[in-house]
Structures are given as structure tokens and as C-alpha cells.
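For reference, the structure is listed below as C-alpha cells.
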Protein chains: 2
Amino acid sequence: MAKTDLTPLQLSVMRSLWKRKEASVTEVHADLVASHQLVPTTVATLLRRLEERGLVDHRAEGRQFIFRALVEEERATRSMVAEFSERLFGGDVPRLVSHLLKEHELNPGDLDRIRDIIAAHESGEGKSS
Amino acid sequence: MAKTDLTPLQLSVMRSLWKRKEASVTEVHADLVASHQLVPTTVATLLRRLEERGLVDHRAEGRQFIFRALVEEERATRSMVAEFSERLFGGDVPRLVSHLLKEHELNPGDLDRIRDIIAAHESGEGKSS
DNA sequence: CCTGTAATACTACAACTGTAACAGAAGCGC
DNA sequence: GCGCTTCTGTTACAGTTGTAGTATTACAGG
């Protein structure tokens, strides 16, 4: 399992690949140009480096390379969140949640939403013991 | 306000400063040696670079430099969490919370804890409308 | 005073990242 | 068939980070 530690730019590239199932350099470039000002060769380099790291894969189709993500978005997100919560909160997820609730703006609707999620979580899980 | 974007190692250094209110290179080194295998000059370099970035400050005391964090831990944590939630969830904190609840192991006690926090949060705030 | 020791300052270097120029190959239009 | 355009492959370079060696300074003890 390759290290899923993505910089913002790398994440943007991956997002492009996740959105389209497969994409050529040109397509990824098209997606990135909106947010970042990059020439296509730069995007090609980024993709190649991600491939070196085993996060991406490509096949040739005519003269083009069609890239594809090798990690699912879910998995990558999970891994990054885990890494982050480990780094900042020693893996103490409730403490992170608590921090989020206390320190970051949430409107009442958000709280309701979260409470619902908790309820769903409780009923569906953790009744083994 | 200096960019509070800390790598794990940098964070360790800052943690040392936060724990002790002030610290010499030697003291920070003592704290880091447990987790990271570093010689004192390395620690000095790290501190100097953090100072360049405006996150740290020092004064001379005899021949020693006494370092001090210029950002509070709270603030730094907040800022890093915000940055992270922005990057991964477009700043949608409830979505991040939801992700945490769904994807990361929480035992029932944790859920209770979180529910209490929500309750406390609701009663103390957001009753304007 | 002189020297050792301890502390900082300066310099270095490899890895990774953002960013891109240049070179070569391969279709497309004529 | 030949050149233009479009892709990719290769190479480069500056900035940041992890990591540390070397030079220098300054106090402590004799």
C-alpha cells in the first residue's frame, strides 16, 4: 500500500482522475487549469511522479497516455484523515471531533446532521458485546 | 500571521516549546531525541528556520539562546485543522465529522462523549434565531 | 592569560516538490 | 511524403525539509 500523503496539488491531480475514471494528461490539465496555472508538461511530470509512487497507472492509447488512479478516493481520504488525526491528536478521534465542534463554526443544522449520524451509527453497530 | 503549516518534525519542535514555556536548543533536543534521532545542531537548524518563518523567537541568555513559540498551540492547531478540512472536505466541517464517525473506529463511550459535546454546544450557543 | 568545552553560526547536501523548457515521436492535412 | 501540431520523455532548476559537519565564539578554571 503506497504512502497516501498528498500535497494540495497532487490531490488536485488525483481528484481529476477520480472524477473521470481515466484521463489523459490533457484532460487532467484541463481540470487543473481552473485552479492552478500550469502548462501541460507540468501536469505530465506530476502524473509521472505519482506513478513512480505507485498511486497512478497508465496505459498507452495511440500516442496518448491514459492515466488511472490506483487508490480509491475513499481509501486515500481515510488514510489522510487517519494520518492527520494521528499527528495532531495522537489518533484520539473524539478529541478531534470535539475540537471541530468547539473551534469551528457549525450551525444548528450541522449539529442535527451530526447527531443523526451518531444515532445511525449507534443503532447499526457496536452491539456485539 | 505566519503560515502555520508544520511538518511532523516541526510540530515536535513546537510541542517542545509549547510544553516548556521557553527552551534552549539542548532542552528541545532532549525532548526530540526520544522520538527522533537527531544531533543538537539539527535541532538548532530547525529552530532557526522556524524563527525565520516567524513562528519562534529567541533571546540570548548568557551564551545560550532561549527559544519561545510565537504562536499558541491552540491557534496553530486550529489553523492546521482548518487548512486540512479545507483541503480535504472543502471546508465542510460536518462532512469531516461525518467521515470521522463513519470511517474511524469509535467505541460507544466515544459516541457518548461526542453527543455530550454537541449538547453542551447547543445549549451554550446558536439560540439566536 | 590560555585552553578546553559548550553553544551558536555557517555551510552543505540529498530528497521532494512545483514549475517548466526542450527534444523527440507520431499522427493529420495536403 | 513532408511538415505542423500534439503528445510524451528527459532534463533542469529553485525552494523547502531533514540531517549534519565545520567554524567560531565565549565563558570557566587554572
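Per chain, numbering begins at 1; letters A, B, ... match sequence-line order. What's counted below: heavy atoms across the whole structure, side chains too, no hydrogens, waters or symmetry copies.
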Inset, instruction - Assign the ring pair B:H58 / B:F65 to parallel, tilted or perpendicular, where the plane angle (0 to 90°) is split at 30° and 60°. - result: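 Judged by the thresholds at 30° and 60°, the geometry between B:H58 and B:F65 is parallel.
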
Starting from [atom2] on [N], measure out to [atom1] on [X] and report it in whole angstrom.
X     : N      : atom1 : atom2 : result
B:H29 : D:dT19 : NE2   : C1'   : 12 Å
B:R63 : D:dA28 : CZ    : C1'   : 8 Å
B:L50 : D:dG18 : CG    : C1'   : 12 Å

Inset, instruction - Indicate whether the side chain of A:T77 and that of B:H99 have a donor and an acceptor atom separated by less than 3.5 Å. - result: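 Note: A:T77 and B:H99 side chains miss the donor-acceptor criterion.
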
Inset, instruction - Taking only the side-chain nitrogens and oxygens of B:T7, find out if one of them lies under 4.0 Å from OP1 or OP2 of D:dG18. - result: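 Yes.
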
Legend entry - Phosphate-side-chain proximity, A:Q64 and D:dT8, N/O vs OP1/OP2 below 4.0 Å: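 No, no such contact exists.
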
Inset, instruction - Using a 4.0 Å heavy-atom cut-off across all strands, classify B:T41 as base, sugar-phosphate, or nothing. - result: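 Result for B:T41 = base.
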
Inset, instruction - Name the nucleic acid region contacted by A:Q37, choosing base, sugar-phosphate or nothing; use a 4.0 angstrom heavy-atom cut-off, strictly under. - result: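 Since only primed, P, OP1 and OP2 atoms lie under 4.0 Å of A:Q37, the category is sugar-phosphate.
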
Legend entry - Presence of donor-acceptor pair under 3.5 Å, side chain of A:T45 and base of C:dA20: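 Indeed, a donor on one side and an acceptor on the other fall under 3.5 Å apart.
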
Inset, instruction - Name the residue closer to the 5' end of DNA chain C, choosing between A:L46 and B:R49 according to the nucleotide with the nearest heavy atom. - result: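 Checking each residue's closest nucleotide, the 5'-ward one belongs to B:R49.
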
Inset, instruction - Looking only at side-chain atoms of A:L9, point me to the closest of C:dG18, D:dT19, C:dA9. - result: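 Closest nucleotide to the A:L9 side chain: C:dG18.
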
Legend entry - Closest nucleotide among C:dG18, D:dT17, D:dT19 to the B:R53 side chain: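 Taking heavy atoms from C-beta onward, the closest nucleotide is D:dT17.
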
Legend entry - Side-chain donor/acceptor of B:D116 to backbone N/O of B:R113, under 3.5 Å: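 Checking the backbone N and O of B:R113 against the side chain of B:D116, no donor-acceptor pair under 3.5 Å is found.
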
Inset, instruction - Taking A:S12 for its side chain and A:P8 for its backbone only, find out whether a donor-acceptor pair lies under 3.5 Å. - result: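 A pair under 3.5 Å: yes.
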
